[in-house]
Amino acid sequence: MSALLQVSELSKSFGGVKAVRSVSFEIAKGELLALIGPNGAGKSTCFNMLNGQLRPDAGSVRLEGRNIVGLAPRQVWRLGVGRTFQITATFASMTVRENVQMALLSHHRHLGRLWVRARDQHRDEADRLLDLVGMLAQAERPCSILAYGDLKRLELAIALANQPRLLLMDEPTAGMGPRERVELMGLTAQLVKAQGIAVLFTEHDMDVVFKHADRLMVLDRGQLIAEGAPAQVRANAQVQAIYLGSRSEH
């Protein structure tokens with residue numbers, strides 16, 4: 001399987017702290033790759049370098065052969081790299097449908113069409129995306145009254161509006177109950193396989209990770225210490241020591 005994203009020798013320091021140290025990996029279309037590790041391991045820093053929020057000190061990030069290091073987040077997004085965040089980012093005063101419509105307006109570069117009401121544009125396309133994530137019945141509800149799990153589903157629909165080739169999901173099930181976590185990641189896995197999207201996600205719930213990830217990578221103090229299939233990583237003595245042994249995740 002050919003790689004969609006190739007990361008090579010990625011490094012980032014903050015003063016004397018080496019947050020990410022020479023991290024290299026690949027991810028293919030239709031693959032769910034989990035990036036796990038203790039708090040402070042460098043996961044968020046790694047994510048922020050992939051979508052242009054941080055510029056690495058060294059290394060390359062290639063999306064289908066193109067080095068995207070140095071591009072702004074907006075430019076990376078335009079190339080088909082979507083992202084969801086640990087804390088949901090939606091317009092609380094807008095309805096569920098309107099939130100997706102705003103993402104579609106941006107994707108189609110129609111934000112400047114002020115003479116046409118936003119709520120009248122891309123309605124059918126928005127409803128199709130909401131149906132995909134199980135939120136169509138709530139299309140007219142304002143986001144301010146949604147349950148947290150429903151906000152996460154909406155955020156996924158918003159990310160899909162850009163027709164991403166690569167989706168970066170930072171703690172996608174944070175704040176959700178056990179059942180909601182399983183449902184959201186099951187839905188994500190289904191969409192990934194159906195649409196051939198590559199997904200890199202971070203997650204602290206190991207049940208979610210081992211159930212849904214095709215492969216796992218483990219960061220510790222900025223270094224990649226293990227990589228492989230879930231069973232391989234679960235059996236790794238160093239990983240066991242970090243998560244189950246004397247060292248605390250915090």
Side-chain angles (χ1 to χ4, degrees), residues 29-30 32 47 51 53 73-74 76-203 205 208 211-212:
K29 295 178 181 178
L32 273 82
F47 260 51
N51 82 324
Q53 288 184 298
R74 187 73 174 175
V76 175
W77 182 79
R78 285 285 179 204
L79 293 175
V81 179
R83 183 169 180 179
T84 67
F85 295 85
Q86 183 174 350
I87 300 173
T88 56
T90 58
F91 296 104
S93 62
M94 292 185 178
T95 67
V96 168
R97 179 186 288 118
E98 287 168 348
N99 268 267
V100 181
Q101 286 175 294
M102 288 299 293
L104 288 167
L105 285 168
S106 181
H107 170 66
H108 292 294
R109 305 194 182 201
H110 290 164
L111 284 174
R113 294 169 59 180
L114 300 179
W115 62 91
V116 182
R117 290 197 311 171
R119 68 178 57 183
D120 294 330
Q121 300 183 63
H122 307 295
R123 185 184 178 98
D124 291 343
E125 193 174 356
D127 284 354
R128 180 186 64 80
L129 290 169
L130 290 173
D131 192 33
L132 275 178
V133 301
M135 287 292 291
L136 182 56
Q138 302 195 62
E140 297 291 343
R141 299 187 75 194
C143 290
S144 59
I145 64 173
L146 290 182
Y148 195 71
D150 289 336
L151 281 172
K152 288 287 192 177
R153 286 176 176 267
L154 172 58
E155 190 179 36
L156 178 58
I158 290 170
L160 292 173
N162 190 42
Q163 299 178 10
R165 293 180 286 169
L166 171 66
L167 184 56
L168 306 174
M169 303 181 75
D170 192 358
E171 298 282 349
T173 70
M176 301 175 72
R179 181 177 176 180
E180 289 178 317
R181 292 175 183 176
V182 171
E183 289 178 350
L184 181 67
M185 288 310 298
L187 171 65
T188 301
Q190 179 183 348
L191 292 173
V192 165
K193 301 304 181 186
Q195 300 186 18
I197 303 169
V199 172
L200 176 66
F201 71 100
T202 65
E203 181 57 64
D205 187 325
V208 169
K211 181 176 177 61
H212 295 291

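Everything quoted here is computed from the prediction, not taken from an experiment. Throughout, residue positions are numbered sequentially from 1 according to the sequence presented. The figures that follow rest on heavy atoms only: side chains count, while hydrogens, waters and symmetry mates do not.
For the pair Leu104 and Ala126, the tightest heavy-atom approach, listed with the atom from each and the gap, is CD1-N, 3.5 Å. The two residues Pro164 and Gly82 have their closest heavy-atom pair at CB-N, 3.9 Å. Residues Lys193 and Gly30 share a closest heavy-atom pair of NZ-O, 2.7 Å. In terms of heavy atoms, Leu130 sits closest to Ala139 at CD1-CB, 3.9 Å. Heavy-atom minimum distance, Arg74 versus Ser106: NH2-OG, 2.7 Å. Heavy atoms only, all atoms of each residue included: Gly80 and Asn162 are closest at CA-ND2, 4.1 Å.
Taking a 6.0 Å sphere around NZ of Lys211, one finds it holds 12 or fewer heavy atoms contributed by other residues, nucleotides or ligands.
With hydrogens and angles left out, the side-chain atoms of Gln138 and Arg153 include no donor and acceptor closer than 3.5 Å.
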Query raised in the report: Which is it for Asp150 and Val96 under the side-chain contact (heavy atoms from CB on, under 4.5 Å) test, yes or no, and what are the steps along the way?
Result: CA-CA 10 Å; Asp150 289 336; Val96 168; over 6 Å; no

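Just one of Leu184, Asp205, Val208, Leu151 meets the side chain to side chain contact (heavy atoms under 4.5 Å, CB included) condition when paired with Met176; it is Leu184.
Looking at Val133 and Leu154, their side chains never come closer than 4.5 Å, going by heavy atoms from C-beta outward. The closest side-chain heavy-atom distance from Leu79 to Arg165 is below 4.5 Å. The closest side-chain heavy-atom distance from Tyr148 to Glu180 is not below 4.5 Å. Met185 is listed as a side-chain neighbour of Leu32, based on a closest heavy-atom distance under 4.5 Å. At least one side-chain heavy atom of Arg97 sits under 4.5 Å from a side-chain heavy atom of Arg123. Here the side chains of Leu200 and Phe47 are in contact, with some heavy-atom distance below 4.5 Å. Looking only at side-chain heavy atoms (C-beta outward), Lys152 and Leu156 stay at 4.5 Å or farther from each other. Counting only heavy atoms from C-beta outward, the side chains of Met135 and Val100 never approach each other to under 4.5 Å.
The structure places CE of Met169 at 4.0 Å from OG1 of Thr84, a figure rounded to the nearest 0.5 Å. Remark: Leu132 CG to Leu187 CG distance equals 8.0 Å, nearest 0.5 Å. Rounded to the nearest 0.5 angstrom, Trp77 CH2 and Asn51 CG are separated by 12.5 Å. Distance check: Leu129 CG to Leu191 CG gives 9.5 Å after rounding to the nearest 0.5 Å. Here the straight-line distance linking atom CG of Leu105 with atom CD of Glu98 works out to 11.0 Å at 0.5 Å rounding. With rounding to the nearest 0.5 angstrom, the CD1 atom of Ile197 is 11.5 Å from the NZ atom of Lys29.
Between the Thr202 side chain and the Glu171 main chain, a donor and an acceptor come within less than 3.5 Å of each other.
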